[in-house]
Structures are given as C-alpha cells and as structure tokens.
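Structure first, then comments.
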Amino acid sequence: MKNSTIRVRFAPSPTGPLHIGGVRTALYNYLFARKNGGSFILRIEDTDQNRFVPGAEEYIVEAFNWCGIEFDEGVTKGGEFGPYRQSERKEIYRQYADRLIETGHAYYAFDTAEELNKLRQQFESEKKTFTYDAEQRKHLKNSLTLSKSEVEKILNDDSQYVVRFKMPEDQLIIMEDEIRGRVEVNTGVLDDKILFKSDGMPTYHLANVVDDHLMKISHVIRGEEWLPSLPLHVSLYDAFRWDKPKFAHLPLLLKPDGKGKLSKRDGDRLGFPVFPLQWTDPKSGETSRGYREDGYFPEAFINMLALLGWNPGDEREFFNMEELIEAFSIDKVGKSGSRFDQEKANWFNHHYLVEKSNEELSDLFLLVLKSKNIDPGKKNIAFIMGLVKERVNFVSELWEQSSFFFKAPNEYDPQTVKKRWKTDSFGQMQELISILEPVTDFTSDNTENTVKTWIEQKEYGMGAIMNAFRLLIVGAAKGPHLFDIIEVIGKKETLDRMHKGLEVLGKKEAN
RNA sequence: GCACCGUUCGUCUAGCCAGGUCAGGACGCCAGGUUUUCAUCCUGGUAACACGGGUUCAAAUCCCGUACGGUGUACCA
C-alpha cells in the first residue's frame with residue numbers, strides 16, 4: 001500500500017561516478033521511503049553543462065541496480081512528475097525566477113564574472129571577504145540600483161544577466177532538521193545567491209526547491225554539505241509561499257585516517273574502492289576500482305554502508321535489505337561523520353560468502369577456474385566449496401585455499417618443511433604408501449580409519465604422521481581435513497604426490 | 001576570517017532528549033581452548049565519555065566556555 005504523502009528523492013549530478021557517500025544517501029532515502037510506504041524518485045541534476053560527464057547517468061543507474069536500490073519514479077522509470085532530468089525542465093525554472101522578480105524577492109544582476117572576481121581579490125587584499133549581500137548590492141550593477149529604463153535596455157540588448165535572490169535583511173531563520181533538531185541562522189550573514197545563470201540554466205538552489213515542490217517531495221534527505229544552504233532554501237520556500245518539506249542532513253563519510261572527508265584519492269592510497277562500480281574516466285582514461293569488481297557482494301556492501309552512520313538501537317549487525325527497511329528510522333541516524341573501515345567491510349563480505357550455498361559458490365568459482373585454464377574434471381566443486389569457504393573473505397581468495405584440489409604442489413613451504421619433515425618422516429611416508437596402495441575404497445571415512453589404525457598399531461605420533469602427510473599432498477601446513485582432500489583428488493593422484501614429495505624432500509639426516 | 005554542524009574504546013557504535021548501570025556490543029588486536037595443519041569456531045582480555053567551569057545529593061547525559069574536527073562561504077552540485 002502506498003502512502004502518497006511520503007515522497008523522497010535522490011538527486012545526483014552526473015559529473016562522474018557515484019561516491020559511496022552518495023550511495024549511502026540514496027540508501028537511506030530508499031529505506032525511508034519503503035519503511036513508510038512512500039515513493040522514491042531519481043532525479044538528475046544536470047544544470048551545470050560544463051561539468052557534465054557522458055556515461056555518468058548510466059553509471060548511477062547501474063550502480064543502484066547492482067545494490068538492489070529501486071526507484072519508483074525517475075529518469076529510467078518515468079512518472080507523472082517528469083521530466084526527471086533538470087536540463088529538460090529549463091523553461092519551468094525561468095517562470096519561477098520571473099515570479100520571484102515580480103514579487104520583489106529576486107532581481108537582475110549584470111555584474112560580469114570578471115568584475116566580481118576583481119572585487120573578491122580587492123576585498124581579500126584588505127583581509128575582508130566579499131559577499132554579494134544587502135550592503136554590497138546597493139553599489140553594484142543590478143535592477144535594484146539601475147533605473148527601470150536602463151534595466152530594460154540591457155535586457156533587450158541581449159546582454160548577459162543573472163537572477164539573484166534578494167536575501168531579507170536581519171531576519172532570524174529558524175529551521176528544523178530531523179537529525180540535528182533546531183538550527184538558527186541570521187540572514188545578515190547570508191548573501192544574494194544566484195538563482196538563474198546567464199546561460200539560461202537555474203542553479204542548484206532554484207532548481208532543487210522548485211522541483212522538490214513540484215514533485216511533491218515530503219522529506220529532503222541529503223548530505224550535510226547542504227546544511228549551510230538550508231537557510232537559503234527555506235527562504236525560497238517562504239518567498240514562493242510554499243509549504244516546506246521536512247529536512248534531514250546526513251553526516252559525511254570521513255577518510256579512514258587523518259583529516260577530512262573520504263575522497264577518491266584515499267581509495268587509491270589505502271587500497272580500497274570508493275565507488276560501487278569500476279569507472280573509467282572518458283577523458284583521462286583513468287580507471288577507479290569498484291566494490292563490485294573487487295569482489296564484494298552487494299548485500300555485504302549495503303549492510304556495511306547502512307551501518308556507517310546508522311544503527312538499529314539494538315545489537316544486531318546483519319541485515320538484508322528487507323530487514324533494513326523494517327529496522328530503519330531516521331532518528332537513529334547519527335550526527336557525526338564516520339570513518340570507513342575496510343576490515344569491517346571485509347568481515348561483512350566473509351559473513352555473506354559463508355552464508356551462500358556451496359552450489360552458488362561453485363558457479364562463481366568455476367569462473368575463476370576458467371580464467372586460470374584449470375579443468376575441474378569430474379570433481380565435486382560444491383563439496384570443495386563447503387570445505388574452504390570459511391577460510392576466505394572473497395571469491396577471488398578461494399583459489400589459493402583450494403588449488404591443491406586441482407594440481408599437485410610444485411613447491412614445499414620451507415617453514416613447514418623445517419618444522420614437519422623429521423628424520424623419521426621419509427620412512428614413515430614410504431610405509432604409508434604401502435598402507436594406502438591396497439585400499440580400494442578411497443572415501444574420506446575409510447582412508448581415515450585405515451591410516452589411524454595403522455598409526456595406533458605402530459604407535460606413531462598422530463601429529464608427526466599427519467603433518468608430514470599433509471606436506472606431501474598440499475605442500476604447506478594449510479587446508480581442510482586431509483582425508484577429505486585425498487578423497488577428492490583420488491588414490492592415484494595421492495600416491496603420485498607422495499612419491500614425488502619423497503623424491504624432492506628426501507631423507508632428512510639425524511643431527 | 002565569518003557562518004553553521006559535530007566530538008563515547010584504534011574503528012563503527014549503544015547509552016544523552018525524560019541525570020543515578022562496574023559506560024554495553026561489533027570489527028581489529030592479544031591470550032587460551034578445539035583441531036592432524038592453517039583458517040573457522042568458542043572463551044577470555046585490551047581499550048573510550050576532548051578539555052575547563054557551572055547546575056545538582058548525583059553529570060557521558062543539562063547549561064556556558066575553550067580546543068579540535070567537518071561543511072559552507074562559485075554564474076559547482
């Protein structure tokens with residue numbers, strides 16, 4: 001059942017790949033919408049033509065697809081409030097900018113970018129900051145200072161102009177944030193922001209407010225970087241005499257070490273992805289790694305991300321999307337920024353990998369084998385997966401934990417040789433070969449029985465025998481239950497490896 | 001500089017709004033146990049209320065200040 005009054009949106013600008021902070025913002029919006037039976041809208045904020053990057057919008061859509069975050073309305077879905085790309089809504093914004101001018105809440109400004117830059121520099125040299133505010137606008141070239149006829153002349157001359165918001169003077173703006181509570185700002189410290197650019201496009205502030213109103217957005221859930229412009233947005237709603245949505249400003253994701261927010265560079269430097277999917281910049285050709293390509297499962301990625309800045313209030317840690325929706329609440333979102341922790345992300349991936357069925361894992365592992373040109377033969381891959389999956393965090397690590405199922409060791413770990421290949425080992429292993437040679441039933445249980453009986457009869461040390469045996473079969477002190485391994489590789493391969501091992505390691509002299 | 005936001009173990013966090021618990025959990029790390037090895041797993045341990053003042057019988061919790069951090073201060077979003 002839909003609650004038509006609850007409507008939230010995620011509104012990225014297509015300037016490149018989506019950062020995981022953006023994914024988290026979208027996730028919280030999605031969870032909030034689902035939890036409350038509302039709608040989730042994807043709107044593309046492409047009002048900056050200079051920063052537009054081809055492929056970015058497709059990337060965003062694909063990333064959400066991979067994550068399992070679904071939209072009800074938006075660029076790929078359509079809907080009754082479209083178009084959902086701001087560049088296609090150009091004309092709408094002009095009307096609203098005009099309306100603000102008519103009602104005296106905005107004005108035309110004719111100062112060029114160069115003129116303003118000059119002013120900024122001049123102010124800076126006097127250790128002051130230039131702001132286009134109530135004081136400064138009195139001395140600048142705009143429809144407040146110029147006569148009506150002059151303004152009309154410039155406008156008709158096809159000269160460039162922008163529309164600026166006329167920020168009210170000395171007014172206390174009181175805002176309510178769902179996460180932070182009451183926030184107060186005096187308009188005296190605010191400037192007259194540009195609402196409409198000279199290229200005919202609106203700025204974020206105008207487009208955002210107009211669209212949120214027109215699209216009947218009930219809750220604006222966005223990153224904390226927008227909190228400083230909330231007073232402007234609130235003033236805009238007031239100027240239009242529109243009802244305001246509720247606002248929630250999410251804390252930022254911080255770099256794992258040092259200062260500042262998480263950036264692409266940190267990922268490169270510390271070796272973890274900052275983007276959900278791999279991305280190749282169309283201009284520089286530079287490629288950035290992605291969680292998907294690095295082998296994270298989407299459910300692990302989402303689980304990890306959801307808990308970075310939010311928690312259910314109890315001690316649960318594992319959530320699938322459905323459980324997240326059930327548990328989510330905006331007032332359990334924290335106020336302070338969180339540092340990304342790769343160890344914990346890997347731990348989540350481990351958990352989800354172990355939870356996967358052996359069959360599902362074999363499908364993934366078969367791809368790994370194929371890429372290595374390994375023929376799995378008739379081996380029961382699912383069984384092997386069951387033996388090794390608990391030892392890895394990623395599918396890509398499965399090979400090093402299971403390669404000995406597919407090929408004989410070509411070297412013997414020196415550490416293990418030193419520790420486990422004793423003076424008696426050579427003879428004992430020769431003896432073991434003769435014990436195994438007549439065995440026809442090579443199932444794990446049977447070989448285990450046979451070997452253990454032999455060990456007991458001879459009163460050999462269990463550890464000594466098994467470790468030497470493992471060294472010959474695996475080449476190192478690792479791997480699952482040894483009798484399971486030899487069942488998989490079979491009798492011939494087992495004996496072959498033993499012979500070869502004896503040849504290579506030889507008899508260790510007593511010292 | 002100015003404005004706003006924030007600050008509990010190394011990290012993610014519970015507790016704060018409605019003051020009174022040895023400040024709880026998880027990751028990591030360390031130790032022990034299980035095991036033929038490694039890993040898993042189990043048990044235990046390590047470690048935090050930024051600082052200073054105030055209010056109060058009592059402050060992580062309420063108030064003020066300081067420090068530190070974050071964001072913003074573009075014809076970017």
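Just the heavy atoms: all of them, side chains too, but no hydrogens, waters or symmetry mates, feed the values below. Residue numbers start from 1 in every chain, and the chains themselves are labelled A, B, ... in the order their sequence lines are given, proteins ahead of strands. Fair warning: this is a prediction, and the values are worked out from it, not measured in the lab.
Among the atoms of the strands shown, none is found under 4.0 Å from any heavy atom of G334(A). Here T129(A) lies in heavy-atom contact (under 4.0 Å) with a base. Residue K261(A) is in sugar-phosphate contact alone, with no base atom involved, counting any heavy-atom pair closer than 4.0 Å across all strands shown. Across all strands shown, S198(A) has heavy atoms under 4.0 Å from base atoms, whether or not it also approaches the sugar-phosphate. In this structure, K332(A) reaches the sugar-phosphate backbone alone: every heavy-atom distance under 4.0 Å involves primed, P, OP1 or OP2 atoms, never a base. Residue contacts for V185(A): at a heavy-atom cut-off of 4.0 Å it reaches the sugar-phosphate backbone alone, with no base atom in range. At a threshold of 4.0 angstrom between heavy atoms, the contacts of R51(A) include nucleobase atoms, whether or not backbone atoms are also involved. Base engagement by R470(A) is indicated by at least one non-hydrogen atom pair under 4.0 Å involving a base atom. Residue-level contact check: P256(A) touches neither bases nor backbone, having no heavy atom under 4.0 Å from any strand. If you check every strand for non-hydrogen atoms under 4.0 Å, E184(A) touches sugar and phosphate atoms only. The residue G260(A) sits close only to the backbone: its heavy atoms come under 4.0 Å of sugar-phosphate atoms, none of a base. Within the nucleic acid shown, L482(A) comes within 4.0 Å of at least one base atom, counting heavy atoms only. Across all strands, N117(A) comes closer than 4.0 Å to no nucleic acid atom at all (heavy-atom distances).
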### Message
Between R85(A) and E88(A), is the salt bridge (Lys or Arg N to Asp or Glu O under 4.0 Å) condition met? List the steps.
### Response
CA-CA 6 Å; R85(A) 234 177 317 255; E88(A) 294 166 16; 2.8 Å; yes
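Phosphate contact (OP1/OP2 of U71(B), side-chain N/O of R222(A), threshold under 4.0 Å): absent. Between U37(B) and N467(A), no contact under 4.0 Å exists linking OP1 or OP2 to a side-chain N or O. Phosphate proximity of A77(B) to K197(A): present, with a side-chain N or O under 4.0 Å from OP1 or OP2. Taking only side-chain nitrogens and oxygens, T47(A) comes nearer than 4.0 Å to OP1 or OP2 of A77(B). The phosphate of U37(B) has neither OP1 nor OP2 within less than 4.0 Å of any side-chain N or O from T416(A). Proximity of R120(A) to the phosphate of A74(B): a side-chain N or O atom is located under 4.0 Å from OP1 or OP2.
Side chain of K478(A), nearest nucleotide from U37(B), G24(B), G28(B): U37(B). Set against G10(B), U40(B), G72(B), the side chain of D341(A) has G10(B) as its closest nucleotide.
The nucleotide C27(B) finds its pairing partner in G10(B), both defining distances of the Watson-Crick or G-U wobble pair being shorter than 3.5 Å. Across all strands shown, A60(B) remains unpaired; no Watson-Crick or G-U wobble contact has both distances below 3.5 Å. Base pairing annotation: G72(B) forms a Watson-Crick or G-U wobble pair with C2(B), both donor-acceptor distances under 3.5 Å.
The base of G72(B) does not come close enough to the side chain of S229(A) for any donor and acceptor atom to sit less than 3.5 Å apart. With hydrogens and angles ignored, a donor-acceptor pair under 3.5 angstrom links the side chain of K344(A) to the base of A26(B).
Atom pair M175(A):CE and A3(B):C1' shows a separation of 11 Å (rounding to whole Å applied). In this entry the distance linking CG of L252(A) with C1' of U71(B) reads 7 Å, nearest Å.
A donor-acceptor pair is defined here as one N or O able to donate and one able to accept, closer than 3.5 Å; such a pair exists between the side chain of D46(A) and the backbone of Q86(A). Under a 3.5 Å cut-off, the side chain of K389(A) and the backbone N or O of K356(A) do form a donor-acceptor pair. With hydrogens and angles disregarded, a donor-acceptor distance shorter than 3.5 Å links the side chain of T25(A) to the backbone of G21(A).
The side-chain contact (heavy atoms from CB on, under 4.5 Å) test with V75(A) singles out one residue from L42(A), I60(A), I41(A), and that residue is L42(A).
Nearest heavy-atom pair across H249(A) and I179(A) is O-CD1, 3.6 Å.
Ranked by how close their nearest RNA chain B nucleotide is to the 5' end, E390(A) and W310(A) are led by W310(A). Nearer the 5' end of RNA chain B, as judged by each residue's closest nucleotide, is the contact made by G337(A), out of G337(A) and L254(A).
For the pair R164(A) and Y132(A), the cation sits on the ring face: its NZ or CZ lies under 6.0 Å from the ring centre, inside 45° of the axis.
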